[in-house]
Amino acid sequence: MDKTTDEALPRWPETPGRVPYWVYTDRRVYERELKRIFNGSTWNYVALECEIPEPGDYKRTFIGEQSVLVVRDKERRVNVLLNRCVHRGVELCQASSGKVKDFMCPYHQWVYDLEGRLRGVPFKRGVQGKGGMPEDFQTGSVSLKRLAVHVRGGAIFASMGDDPPPFENYLGPTILGFYDRVFDGRSLRLLGYLRQKIGGNWKLMLENIKDPYHASLLHVFFVTFGLFRVDNPSRVVMDESKLHTALASQRGKQELNDGTSQMKSFNAKLVLNGPELLDVEREFPGESTVVMHTIWPNLILQQQSNTLACRQIVPCGPDAFELHWTFFGYATDSDEMIQRRLRQANLMGPGGLVSMDDSEVVARIQDGIRADSSDAGIVEMGGLGTETETDHMVTEVAIRAFYEGYRKVMDL
């Protein structure tokens, strides 16, 4: 981004604990995000290995707004390729997934192998001595753009940058420990997908997961049944960049106490007709029953009781994004555990007993600031600090810290 464009952007508020609303609405900010974040040296979540188990299996997904193909080649290696023919820029695949021997452009039928190398060009030498490509044109010298790839614990990440940092350094030791708690080396089992489009800025979704303050106020289900509440033993932990976060908490009881007495959402009389929904089996080390991870820039890794999911954020301009949910378990899971994971998945997703609240609120934030984005939000709960670990959830420290890291990336 050149200096002239940098200077054209609004100034960040000088008052601590403020996040300007224009960071969610200004298209110039959004275009800089695409360039510096999604097209930069970040590691973006793209798929789980269990989604492409065999050679030729592929998944179409996105990094920022760029469509990419995650494919397993004949040597069983995972490749991530730009979903764009080098000839005229046509998107090669539009199906969300499939199985192929190669990729053929529908326009002029240029053919690429599973590693992205150009293998065939119709009429390359012309017809009846006329036309064709120049004599020195070699198909072997042309290929789809191939991205850097890292696979750890069954999850696949890709980077548009030429020289991304080592993945383990990117997460840092603390967040890597939380990551490995879920992606612990066991083979994964795909359980299903959900997808939604939300009318808000993509960063608001990351903020929502970094914000434990709202969970005890917005979510009736969480508050009443004690799944995630400010009076529960909890931690908010970040890496040194302050862009990755883990919110860890232990389940509490359905009881009136100093915390729940201040929560209008708490309802001691609510009863589940199907109590098996909250039949939880402890399966991870430590005392935490929920850990919500935000892995910069596009992944929310969810472990809520026994339901596991990757939520992939796909920005669609400054005022909308898609959220792609991939629910999974482990290949060693019993049938009983699979059913438990699927039941608890009803907490999440577009119509989930909890998550539907978040998508509605994110859209209402965008509605509230769209007409006039000259003001700023106040994020002072818990003080003005940006410390990387806090032992409670009555705080907005992770949002303040996030924007500290974000401003460095964005030069704001």
Side-chain angles (χ1 to χ4, degrees), residues 33-86 91-98 100 103 112-117 143-172 175-176 179-180 182-183 188 190 193 195 202 206 241 243-244 293-301 309-316 321-326 328 409:
E33 289 171 344
L34 293 180
K35 180 178 180 180
R36 295 195 177 202
I37 299 171
F38 296 101
N39 291 333
S41 294
T42 54
W43 284 108
N44 292 263
Y45 167 80
V46 289
L48 299 176
E49 279 200 283
C50 60
E51 296 179 85
I52 52 166
E54 299 298 331
D57 290 342
Y58 77 89
K59 174 185 177 180
R60 174 180 176 264
T61 187
F62 292 86
I63 294 177
E65 293 188 352
Q66 178 63 60
S67 177
V68 299
L69 299 170
V70 186
V71 60
R72 193 175 293 277
D73 65 25
K74 294 178 180 178
E75 303 301 320
R76 305 194 68 85
R77 293 176 301 230
V78 175
N79 301 311
V80 180
L81 313 168
L82 282 198
N83 186 16
R84 183 174 68 200
C85 181
V86 299
E91 192 173 56
L92 296 169
C93 297
Q94 291 188 318
S96 59
S97 63
V100 294
F103 295 110
Y112 304 86
D113 67 19
L114 302 181
E115 296 178 58
R117 295 172 296 198
S143 64
L144 304 174
K145 181 174 180 179
R146 188 169 169 177
L147 277 56
V149 175
H150 187 84
V151 180
R152 185 179 178 99
I156 304 168
F157 293 80
S159 179
M160 300 281 281
D162 295 328
D163 189 25
F167 184 76
E168 290 72 18
N169 295 351
Y170 180 74
L171 289 190
I175 299 301
L176 188 65
Y179 175 97
D180 286 345
V182 175
F183 294 126
L188 304 179
L190 179 66
Y193 300 104
R195 182 175 291 193
W202 67 276
L206 287 176
S241 77
L243 294 168
H244 314 296
H293 319 68
T294 51
I295 297 177
W296 171 258
N298 74 333
L299 174 62
I300 298 164
L301 174 57
C310 289
R311 310 181 196 179
Q312 181 184 1
I313 298 171
V314 180
C316 305
F321 64 94
E322 290 184 2
L323 199 56
H324 298 181
W325 305 66
T326 303
F328 65 93
V409 174

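What you see is a predicted model, and the numbers here were worked out from it, not measured in a lab.
Not a single donor-acceptor pair under 3.5 Å links the side chain of R60 to the backbone N or O of A95. Here the side chain of S159 pairs no donor or acceptor atom with the backbone of W43 at under 3.5 angstrom. Formation of a donor-acceptor pair under 3.5 Å by the Y179 side chain with backbone atoms of H293 is not found in this model. Side-chain atoms of N83 come within 3.5 Å of backbone atoms of C93 as a donor-acceptor pair (strictly under, hydrogens ignored). The main-chain N or O of P166 is never found under 3.5 Å from a side-chain atom of N169 such that the two would form a donor-acceptor pair. No donor-acceptor pair closer than 3.5 Å links the side chain of Q66 to the backbone N or O of I63.
Looking at heavy atoms from C-beta onward, S143 lies out of side-chain contact with V86 at the 4.5 angstrom threshold. Taking 4.5 Å as the limit, every side-chain heavy atom of L299 sits out of range of all side-chain heavy atoms of N44.
The number of heavy atoms from other shown groups lying within 6.0 Å of CZ (R152) is above 12.
In this structure, the separation between CG on D57 and CD on E49 is 12.0 Å, given to the nearest 0.5 Å. Put simply, CD1 on I52 and CG on N79 are 8.5 Å apart, with the number rounded to the nearest 0.5 Å.
In plain terms, the two heavy atoms of L188 and C50 that are nearest each other are O-CB, 3.4 Å. The minimum heavy-atom distance between K59 and V46, with the atom names listed, is NZ-O, 3.3 Å. Minimum heavy-atom separation, T42 to I37: OG1-O, 2.7 Å. Heavy atoms only, all atoms of each residue included: P297 and W202 are closest at O-CZ3, 3.5 Å.
In this structure, Y193 has its ring center at least 6.0 angstrom away from the ring center of F328.
Residues passing the side-chain contact (heavy atoms from CB on, under 4.5 Å) test with Q94 are E91, sequence neighbours excluded. Taking E322 as the reference, R195, K197, V314, C316, H324 meet the side-chain contact (heavy atoms from CB on, under 4.5 Å) condition, with sequence neighbours excluded.
Applying side-chain contact (heavy atoms from CB on, under 4.5 Å) to L81 and the options L147, V68, L144 leaves one that passes, L144.
With hydrogens and angles left out, the side-chain atoms of W325 and Q312 include no donor and acceptor closer than 3.5 Å.
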